[in-house]
Amino acid sequence: MSRKITPTLSPQRRLYLKTEKRRRQRVLFTQIGILVLFIGWWEIAARVGLIDSFIFSQPSRILDTYLNMAQNGLLTHIGVTVFETLTGFLLGAVTGTVLAVLLWWSPFASKVSEPYLVVLNSLPKIALGPIIIIIAGAGTRAIVVMALAISLIVTVLEMLGGFHRTDPEFIRMAETFGASRAQIFFKIVFPYNVSTLFNSLKINIGLSLVGVIAGEFLVSKAGLGYLIVYGGQVFKLDLVMASVIILSVVAALMYEAVSLLQKLTVSRIEHS
Amino acid sequence: MEVLRIDHIEQTYQAKNGEVAALKDISFHIDKGQFFSLVGPSGCGKSTLMSIIAGLLTPSGGQVLIGGEPVTGISPRIGYMLQKDNLLEWRTIRQNVLFGLEIRHQLTEKNIDHADQLLKTYGLYEFRDKYPSQISGGMRQRAALIRTLAVCPDILLLDEAFSALDYQTRLEVTEDVYQILKREQVTTLMVTHDIPECISMSDFVVILTARPATVREILPITFDIPTRTPLSCRNSPQFSAYFDHIWRELECHEP
Ligand SMILES: Nc1ncnc2c1ncn2[C@@H]1O[C@H](COP(=O)(O)OP(=O)(O)OP(=O)(O)O)[C@@H](O)[C@H]1O
Ligand SMILES: [Mg+2]
């Protein structure tokens with residue numbers, strides 16, 4: 001950790017820092033302003049009948065839904081979705097990375113699997129939904145499998161690509177000391193790809209959520225995805241809107257959690 | 001005493017679009033503590049020969065003997081330093097320097113002490129906890145050399161190990177390295193494209209022909225100066241004679 005030294009700043013530096021700060025504040029102010037204006041306009045438009053609040057809902061009614069959270073079980077549904085997403089995410093990340101390691105280990109297997117991976121990657125996994133439900137049963141298991149199906153191949157491709165892009169000169173250097181394949185992996189290839197791993201985790205957390213929502217649409221038992229489908233069917237659009245907003249907050253929080261983990265890991269590696 | 005013998009080495013590469021003959025009947029030998037340079041037209045097969053000596057590549061013909069024993073696979077008696085320093089950016093300088101020992105499962109107290117001693121002697125000890133990106137190119141190259149020397153090789157192979165450095169740093173580093181190698185009594189074989197560099201450091205210069213490479217000449221380099229260093233011998237009148245000689249030998253083989 002570098003100690004903060006506060007020398008007397010030159011006038012130019014102070015001016016620069018001040019302009020920088022003001023610029024950041026302006027951006028933030030505008031961002032918040034747009035949100036406030038949008039919500040305000042939505043509310044007013046609904047009240048004066050410019051838009052049909054039955055279809056588009058309206059901020060005050062969405063707020064009501066949140067306030068009645070205890071009755072409509074919103075919290076439980078959030079919990080279910082978060083749990084399923086994290087399970088699918090962890091399974092996808094671990095299985096995908098392990099598969100990528102195995103394929104890196106055996107160039108033959110890697111070559112053989114190439115066309116299969118390409119096809120599986122471009123296949124819309126949601127199409128497998130009915131099959132997954134038949135095999136895994138219409139429940140949490142099917143939903144997690146759905147999340148896994150969506151994130152797994154991407155992880156394998158992403159990680160394997162990263163492993164193959166490892167600077168060959170580093171590997172050659174390790175070979176001059178007689179490094180084994182395991183040593184090359186653990187001491188060169190894996191540390192070289194820590195950032196690849198985090199990038200793939202960031203993509204994965206979003207994909208798992210997509211898988212879980214799609215799974216909940218199909219299984220229709222619990223979770224935000226279920227709530228959205230249910231709300232749509234009984235024309236409770238407030239519930240749909242409330243769920244969609246929560247969903248985006250959940251997605252953003254999960255992404256930020258991975259980013260934070262990445263920052264902590266990277267700063268540990270670089271300044272331990 | 002003979003340490004390294006290159007015995008009728010041949011190498012033909014098999015590629016999709018045909019065969020490439022890289023080395024043809026290469027033979028020479030190096031005694032303990034001697035400094036040999038390998039020069040030749042670009043693409044003639046110098047790196048190929050180094051890889052074969054290091055045991056990274058099995059030759060199509062002939063053999064390499066170290067202390068009388070044939071090389072099969074990577075030999076623990078050889079230290080091979082590549083053109084790029086290849087310091088791992090996620091490790092500190094000290095962790096980088098210990099990398100070779102770690103790979104060979106030789107992280108004993110004695111070996112670690114020796115590595116620390118090398119760091120001290122060559123002015124890197126106070127930078128031991130820095131990361132490669134935080135030190136200069138010359139220091140990085142020295143750290144890479146110490147990593148190679150830390151495993152106590154009998155023979156050091158340098159493949160254009162200094163060519164990534166700017167001229168000023170290069171002169172300083174070669175001066176340092178020369179002192180290090182003479183002090184540690186390391187037998188060295190160096191590939192270079194820089195004729196002055198090979199004259200200033202070598203006891204013998206092996207001149208190769210264009211591909212497929214054969215040995216054209218093995219030129220002994222001697223100076224009538226009491227304490228020879230790479231910089232001091234550059235002023236000797238013999239220096240330019242050697243330069244002209246090697247230059248002509250190489251030139252008449254360029255297409
Ligand atoms: N793995 C390989 N497969 C096929 N041909 C190769 C292979 N490696 C090298 N060659 C060929 O063998 C010849 C010698 O290559 P090498 O790298 O040993 O030359 P070099 O003398 O080190 O060249 P430079 O001066 O550029 O460093 C070149 O023509 C090269 O194209
Ligand atoms: Mg070369």
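All values reported here derive from a predicted model rather than from experimental measurement. Note on naming: letters A, B, ... go to the chains in the order of the sequence lines (proteins, then strands), and numbering restarts at 1 for each one.
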Problem set entry | Contacting region of A:Ile184 [heavy-atom separation from chain B under 4.5 Å] | neither
Seminar exercise, completed: Ranking B:Glu102, B:Gln83, B:Met81, B:Arg91 by heavy-atom pairs under 4.5 Å to chain A gives rank one to B:Glu102
Exercise. Between the side chains of A:Thr19 and A:Arg24, is a donor N or O closer than 3.5 angstrom to an acceptor N or O?
Worked result: no
Exercise. Going by distance alone, is a donor N or O of one side chain under 3.5 Å from an acceptor N or O of the other, for B:Asp129 and B:Thr92?
Worked result: no
Exercise. Just checking, is any N or O donor in the side chain of B:Thr192 or B:Glu160 under 3.5 Å from an acceptor N or O on the other one?
Worked result: no
Problem set entry | Proximal component of B:Leu157, with respect to chain A [non-hydrogen, under 4.5 Å] | neither
For this session: From the options A:Ile153, A:Ile150, A:Val212, A:Leu152, select the one residue that forms a side-chain contact (heavy atoms from CB on, under 4.5 Å) with A:Leu207.
Result: A:Ile150
Exercise. Tell me, side chain or backbone of B:Ile103 under 4.5 Å from chain A's heavy atoms, or both, or neither?
Worked result: both
